[in-house]
Amino acid sequence: MADYLNIQSIHTMKRSILFLALFLGGATIKAQVNLEYYLPDNISYNVSIPTPEQFTGHEVGEWHLTHDKLYFYMIELAKVSDRALWEEYGRSHEKRPLGQLIISSQENIRNLEELRQQHLQLCDPSKSEDVDISSMPVFIKLGYGVHGNESSAPNSSVLTAYYLVAGEGKQIDELLDNAVIMIDPSLNPDGMQRHSTWVNFARSLNNNPDPSSWEFSESWPGGRTNHYWFDLNRDYIMLQHPESVGRVAAFHKWKPNINTDHHEMGANATFFFQPGIQSRNNPLTPPENQELTAEIGRYHEKYLNAIGSLYYTEETYDDFYVGKGSSYPDIHGSVGILFEQAGVRGHLRETPGGSLSFSFAIRNQFTVALSSLEAGLRMREKLLESQRKFYKDALIQSEKHPVKAYIFTEPTDNARVSEFIRNLLRHQIKICKLNRDIIKDGTQYKAENSFIVPLSQPEYLFIRSLFEPVKEFTDSTFYDISTWVLPMSFNIQYTGITSLKELAALTGPEITDPPMKQGQLLASEDAYAYLFEWNEYFAPKALYLLQKAGLTARVSTREFTCDDGSLRKSFSPGTILVPAHGQLMRRDAIYSLMDSVANDCRITVFGVKTGLTTEGIDLGSNAFNILKKPSVIMLTGEGTSSSDIGEIWHLLDTRFNIPVTMVTAARFANVDLSRYNVLIISGSPDLGASGTENIREWNRRGGTIIAYKGGNTWISRNKFAELDYIPPVVPDIKEGIYINKSVNNQVHQIPGSVFETVLDLTHPLCYGYTRNNLPVFKRGTSVVRINSNIYNNPVRYTENPLLSGYCTEENIERIKGAAFASIHRNSIISIYDNTNFRAIWYGTTKIFLNALFFGQILGN
Ligand SMILES: [Zn+2]
């Protein structure tokens, strides 16, 4: 078969331009870029379609496109061409549009909905058998720049769009007749906007390729992440951000056969395309997927050879974690392909291999889009057939699997189980209600708050990846985390059902929405006081709303039972008391505020008529501690971890509506700390002697310090607390050969695993928890021994701690019985591991919020 493109001819005449771009570091901007440098010259282009330069005012690669220019160019192409339409699927946190330019032949675009419906039938084993794939188009999604500062990716997307919309002739027609192509030009618009602003404003007219140049030192935290500094290329499972929610919905709407994911790596590298490291593939992904990836790779090989670019495969990257843009498709019957181009992060940059230009990087990205399109065209039937087979096989395999379904419950916190269900539904996972109360493996599953996920459904493999703990691995190195057992991160009780008969007897109706409990106020307007418990997820939001309104609230540190004739109920430690009297607000206003807070936060608020209880402490007891409204300052900037800070910021801002003042180390010494009563330190920034002494003095006067993860090094170094770190395991290597050095050195890493802790439920740091075992996430090898004061160790690792993920026996020994969190004098709270990981650890965020709200009563 003839080459789809006469690629040898494309680039011969452009060698001279490439030479200029690569070797004339001092050349002016204009000399480096030219549309012809990128585009195949063996086809003609429709002159009525605007080129990127005509629309944006500069050539591709001359300046970095800002997101708005990129977006409006796509919109323009959709407007002027009947081959293209723009489909918006969401808005970023900063309200930038997310979407894709869908390009195909005029006829396909006219019949697009029909083609889509037909295509989706391939993924439904009950309908796929009779689908005729011989004349169906292949669906190809090209995804760019999930990391916003990997700019050659989105900057190349305009070339691909122009090529497909303006290109004319037989080759283009053949492609568009047989393919529906979706260009998602920027998967992370907010990050792209930050980065493009930086590199454009820091550049000179005369390119300066000196790597020390300011242009290459993007300001902290850089444009890689989204608005809250999350890595969106880890959010495909978690779906905690609008970018990923929309993108995954679009994935399931179209189920593309090929999904490209265009990235950048370090400037000194070359170009990577998948397949990645074979031994590190996720074992649940069918091997056929890697065979298709390798076959598609032969097209990249051919195209990159033609332009002489260096490249590599089967190293560095893996598809073990299925929550990335290149791996999520693989476990959904599609083929995800990761591309990594050496990143310039500017315009022209010296590297040991010669000068690297932005335009050269863009051309590589554009070239592998062309090779992916040709692969899609030539492998069309194979890809469609593979997709059909994937879903058919899923059902067959599910019949052989010993577990037939998972059953799960959360009896005391509706919001948490609702969010868990919301996540599963977004992945198109079928969930049913439990139709009667049962006890299984010692746990009670009540019909009202328990659910069933049957495994006999198209998402069988993905469900297993979310529910099955894993402790056996074929490789000891991981590009990302080693486990992501979703019920554990939500602290939800679950178990497997192995009998089909039992499953049939227990399965109730399917649910299509999260079962959201409505908030309620059970009180009369003349209530003496209001009470609400701390176990519900949004209880901290309720407390903050009441404190913000000026009400004084207290927390109980003991159990008690109320019985005033209309209400009889026992309350746990951590219950919040708001007296109706003695407040700076009228009683009727308090009543209506309680009503709206209960509704907003989906909690139950109880009213009582008397201060006397029938058991335990009375409402006026000293065992109710008055709470000050948290006023929070958090260190940010260089020296802190943007992901840890971003997770805290996102947690407080988006879920609990609690403002946090973020201050950099450089400005910290000038801040008046008396405005705040909680300080969060993550990382170990240099605050200077005066900044450190200010904190010490403020802490002595009653300020709470939350030392979070790396912040514990800071409090230890500055003698705020004595921490007893357990030395890391040194690999015991007595023999070995040089080539295995890096693997051997990594063997004792903890790449991200789940461990079990035991809670002291009477301790304020554990208020709201109802079971004394809690799964936690741990990444990194730092381990701290428990405090010598036994009452100051409310969250400890158990004696048999590993629940799921990779961890060597030597590290398990270190972790056994060690501290997850501990308390020191003067309300200093250490949280050693991540309670807020990727915003999905709903099970452990309460520990963090307890430190924030109740740290003030831990001043022992
Ligand atoms: Zn990347």
Side-chain angles (χ1 to χ4, degrees), residues 64-65 67 70 92 98 141-157 183-196 198-199 216 218 220-238 241 243-244 247-248 259-277 280 293 300 311-313 315-330 336-346 349 351 356 358 360-362 364-366 368-369 372 478-481 642-643 646 751-752 838:
H64 282 240
L65 286 169
H67 180 264
L70 175 70
S92 68
L98 296 150
K141 165 121 177 187
L142 307 172
Y144 296 95
V146 71
H147 296 141
N149 58 3
E150 300 178 356
S151 44
S152 62
N155 279 270
S156 76
S157 73
I183 296 180
D184 197 332
S186 172
L187 305 171
N188 176 8
D190 299 346
M192 182 191 175
Q193 194 75 357
R194 283 207 301 279
H195 180 71
S196 56
W198 172 267
V199 278
F216 305 114
E218 189 183 4
W220 193 95
R224 175 184 174 88
T225 50
N226 77 345
H227 177 81
Y228 287 103
W229 312 342
F230 277 66
D231 185 335
L232 290 175
N233 199 35
R234 305 294 182 269
D235 194 43
Y236 278 79
I237 291 175
M238 288 64 188
H241 296 277
E243 295 91 346
S244 330
R247 189 182 325 123
V248 165
N259 285 257
T260 67
D261 196 27
H262 296 252
H263 288 251
E264 284 183 354
M265 53 187 163
N268 297 347
T270 59
F271 190 91
F272 168 87
F273 60 84
Q274 283 184 325
I277 298 172
R280 295 201 227 150
T293 306
H300 312 318
Y311 53 83
Y312 70 98
T313 65
E315 286 182 74
T316 322
Y317 302 97
D318 70 51
D319 271 347
F320 184 79
Y321 172 58
V322 299
K324 296 183 295 160
S326 59
S327 51
Y328 185 85
D330 292 347
I337 300 171
L338 172 68
F339 295 122
E340 296 274 356
Q341 160 65 40
V344 186
R345 310 291 165 98
R349 183 166 175 151
T351 73
L356 177 67
F358 188 35
F360 175 76
I362 292 171
N364 283 341
Q365 300 273 19
F366 172 64
V368 293
S372 302
F478 298 83
Y479 185 72
D480 196 66
I481 55 178
S642 63
S643 60
R838 292 183 183 167

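Position 1 is the first residue of the sequence; numbering continues from there. Whatever order the structure lists ligands and atoms in, that order sets their numbers, starting from 1. Note that the structure is predicted; figures quoted are calculated from it, not measured.
Within the protein, the number of N/O/S atoms found under 2.8 Å from the Zn ion (ligand 1) is 4.
The existence of a salt bridge linking Glu150 and Arg345 is confirmed by a sub-4.0 Å separation between a basic side-chain nitrogen and an acidic carboxylate oxygen.
Aromatic pair Tyr479/Phe320: centroids not less than 6.0 angstrom apart.
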ring-ring contact (aromatic ring centres under 6.0 Å, His included) between His300 and Phe271: does it pass, once the steps are laid out?
CA-CA 11 Å; His300 312 318; Phe271 190 91; 8.1 Å; no
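With hydrogens and angles disregarded, a donor-acceptor distance shorter than 3.5 Å links the side chain of Glu264 to the backbone of Ser152. Remark: side-chain polar atoms of Asn188 are paired, donor with acceptor, to backbone N or O of Thr225 under 3.5 angstrom.
Relative to the six-membered ring of Tyr328, Arg234 misses at least one condition, a distance below 6.0 Å or an angle of at most 45° to the axis.
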